[in-house]
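As a basis for the values below, the full set of heavy atoms in this structure was taken, side chains included, without hydrogen atoms, waters or symmetry mates. Since the model is a prediction, treat every value here as computed from it, not as a measurement.
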Amino acid sequence: MTAVKPFRDTTAPQDAWTQEADAVSLPRLDEVGGHVRPSGVGVTYAEQEYHALADEQELTWPAEGERAARPFQERARGLERVAAGTEFLLSEQEQEVRQARADYQHAAWVLTPYTRREPGAKLRYWICWPVLWFGDTAGVWSAAVVSGDVPSIAFGQSLASGLAAACAGLVGAELKYIRMAKIRQRDPESLTDDEARYVRLFSGADNGGGIVKLIGLFSLVVVALLVVGIFCLRASIEGSASGITFGLLAAATAIGSGLLGYSAADEVADLLAATAKRVQKAERRYLKLAKSSAIRGRTQAEAAERSIRDEYQLRGQAAGKRVESLSWRVQRRNPQVLGHGFPNREQGGVIGRRTRRGGDA
């Protein structure tokens with residue numbers, strides 16, 4: 001009987017396995033034809049050998065898979081600590097996003113009826129306010145340059161005076177806040193539980209009127225100083241008419257800034273905008289953490305490791321089945337010893353089934 005070589009190379013082509021199985025020959029003792037497997041023949045050595053080789057495939061292939069997956073496993077373990085820290089921050093950030101969204105939805109549901117700012121008013125404010133600022137700056141700068149001042153130095157001084165004129169009108173927003181607070185003012189006992197969270201908006205008890213009056217006085221002083229300063233500058237260059245004109249334009253800039261601030265001011269709308277911005281910032285931070293390279297790298301490495309192990313596990317099982325089929329092939333090609341099949345009562349292949357490692361059937 002020709003010895004069967006063990007399968008040491010799991011990557012050997014299947015045709016080579018078939019050829020090796022075909023080379024197995026059992027000595028013929030007597031001619032038989034259409035006979036069942038003799039009852040006196042148990043599990044042959046060839047069957048035992050191929051059963052052992054099949055078991056070897058199911059161990060060797062997973063070992064190869066472990067080797068192939070090792071770089072991905074090392075990469076995943078290397079990123080584990082950083083990824084764990086990022087996941088912790090991600091979970092905390094998720095709670096912040098949920099809380100910010102809940103606060104915004106609650107504020108929008110309760111306070112939206114109290115908003116008085118028309119759509120687009122805030123955008124109009126941020127477009128027009130810089131125009132007023134730079135318009136006043138240009139008038140002062142041109143006069144300073146004409147009077148012989150250094151352009152760079154004149155621009156800095158003009159920019160400051162233009163900003164002062166634009167800021168002088170910011171008191172208009174405070175006047176609007178006081179007016180709207182008086183309209184919203186209610187008895188604290190009459191507030192619902194939801195409205196009680198924003199009791200500051202409904203109290204109106206301390207509206208800071210004295211402070212606003214003081215700020216308004218300072219704004220008027222700023223406007224007066226700008227008018228006098230621009231009048232003197234222009235009058236010294238182009239005459240009193242020009243001085244009065246540009247002085248009045250400076251005053252108009254400050255008053256226009258005040259009216260613009262008054263039209264855009266809405267404390268309730270500002271609160272809703274602030275809560276909405278908080279939601280946006282929380283979501284941006286959450287998405288930034290979710291895109292962390294550590295989490296993505298670890299997830300990819302773990303997925304590759306798991307896929308490689310599964311692949312080699314299946315390949316090992318397939319190779320084991322292949323070797324087991326070769327055991328049946330050996331029996332089929334040697335009917336003179338093992339017959340042509342099992343008796344009817346043993347259709348399940350009791351005799352030829354795979355044996356346990358101890359060699360028992």
Side-chain angles (χ1 to χ4, degrees), residues 89-134 163 165-216 218-219 253-291:
L89 295 177
L90 190 62
S91 63
E92 295 295 318
Q93 190 62 38
E94 181 180 358
Q95 296 179 10
E96 182 177 347
V97 172
R98 293 180 184 276
Q99 185 62 48
R101 291 187 64 85
D103 291 344
Y104 171 71
Q105 291 172 354
H106 184 273
W109 177 65
V110 175
L111 300 178
T112 297
Y114 298 98
T115 58
R116 293 295 181 270
R117 185 164 61 204
E118 63 184 52
K122 200 68 174 179
L123 178 62
R124 182 177 65 243
Y125 173 82
W126 287 114
I127 293 176
C128 295
W129 191 80
V131 172
L132 294 175
W133 174 12
F134 286 108
L163 181 60
C167 290
L170 294 180
V171 70
E174 296 296 331
L175 296 176
K176 180 72 171 292
Y177 290 155
I178 293 176
R179 176 175 175 269
M180 298 308 299
K182 289 181 179 180
I183 295 176
R184 291 192 307 267
Q185 185 174 1
R186 289 170 53 186
D187 186 353
E189 299 296 330
S190 66
L191 299 177
T192 64
D193 293 339
D194 292 320
E195 292 173 339
R197 291 181 55 176
Y198 314 99
V199 63
R200 174 181 63 84
L201 298 175
F202 300 98
S203 62
D206 183 13
N207 51 31
I211 299 298
V212 174
K213 292 178 181 179
L214 181 61
I215 295 175
F218 286 152
S219 299
T253 299
I255 295 174
S257 175
L259 295 176
L260 184 65
Y262 185 89
S263 66
D266 190 330
E267 190 175 10
V268 177
D270 290 341
L271 176 61
L272 293 178
T275 55
K277 186 176 294 186
R278 177 190 168 198
V279 173
Q280 294 174 358
K281 292 178 62 176
E283 289 175 344
R284 284 197 298 267
R285 287 195 295 265
Y286 178 83
L287 293 176
K288 183 177 180 180
L289 288 172
K291 295 177 182 178

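With sequence neighbours left out, the side chain to side chain donor-acceptor pair (under 3.5 Å) criterion links S257 to W129. With sequence neighbours excluded, no residue forms a side chain to side chain donor-acceptor pair (under 3.5 Å) with W133. With sequence neighbours excluded, no residue satisfies side chain to side chain donor-acceptor pair (under 3.5 Å) with E92. Among residues two or more places apart in sequence or in another chain, the side chain to side chain donor-acceptor pair (under 3.5 Å) test is passed with R186 by Y114, E195.
Salt-bridge formation is detected for the pair D103/R197: a Lys NZ or Arg NE/NH1/NH2 atom is positioned less than 4.0 Å from an Asp or Glu carboxylate oxygen. Salt bridge status for R278 with E96: absent, with no side-chain N to carboxylate O gap under 4.0 Å.
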Checklist entry - What do the steps show when you test Y198 against V268 for side-chain contact (heavy atoms from CB on, under 4.5 Å), and what is the final call? => result CA-CA 10 Å; Y198 314 99; V268 177; over 6 Å; no

Item to check | W109/D194 under side-chain contact (heavy atoms from CB on, under 4.5 Å): CA gap, chis, key distance, verdict | outcome: CA-CA 9 Å; W109 177 65; D194 292 320; 2.9 Å; yes

Side chains of residues 118-128: which donor-acceptor partners sit under 3.5 Å, not counting sequence neighbours?
unit_1 : atom_1 : unit_2 : atom_2 : d
E118   : OE2    : R124   : NH1    : 3.2

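Atom CG of D193 has 12 or fewer heavy atoms from other residues, nucleotides or ligands within 6.0 Å.
With values rounded to the nearest 0.5 angstrom, L271 atom CG is found 11.5 Å from T115 atom OG1. Put simply, CG on L132 and CD1 on I255 are 11.5 Å apart, with the number rounded to the nearest 0.5 Å.
For the salt bridge (Lys or Arg N to Asp or Glu O under 4.0 Å) condition, the pairs that include at least one residue of residues 253-269, sequence neighbours left out, are R184-E267, R200-E267.
Side-chain contact between D270 and R117 is present, with heavy atoms from C-beta onward closer than 4.5 Å.
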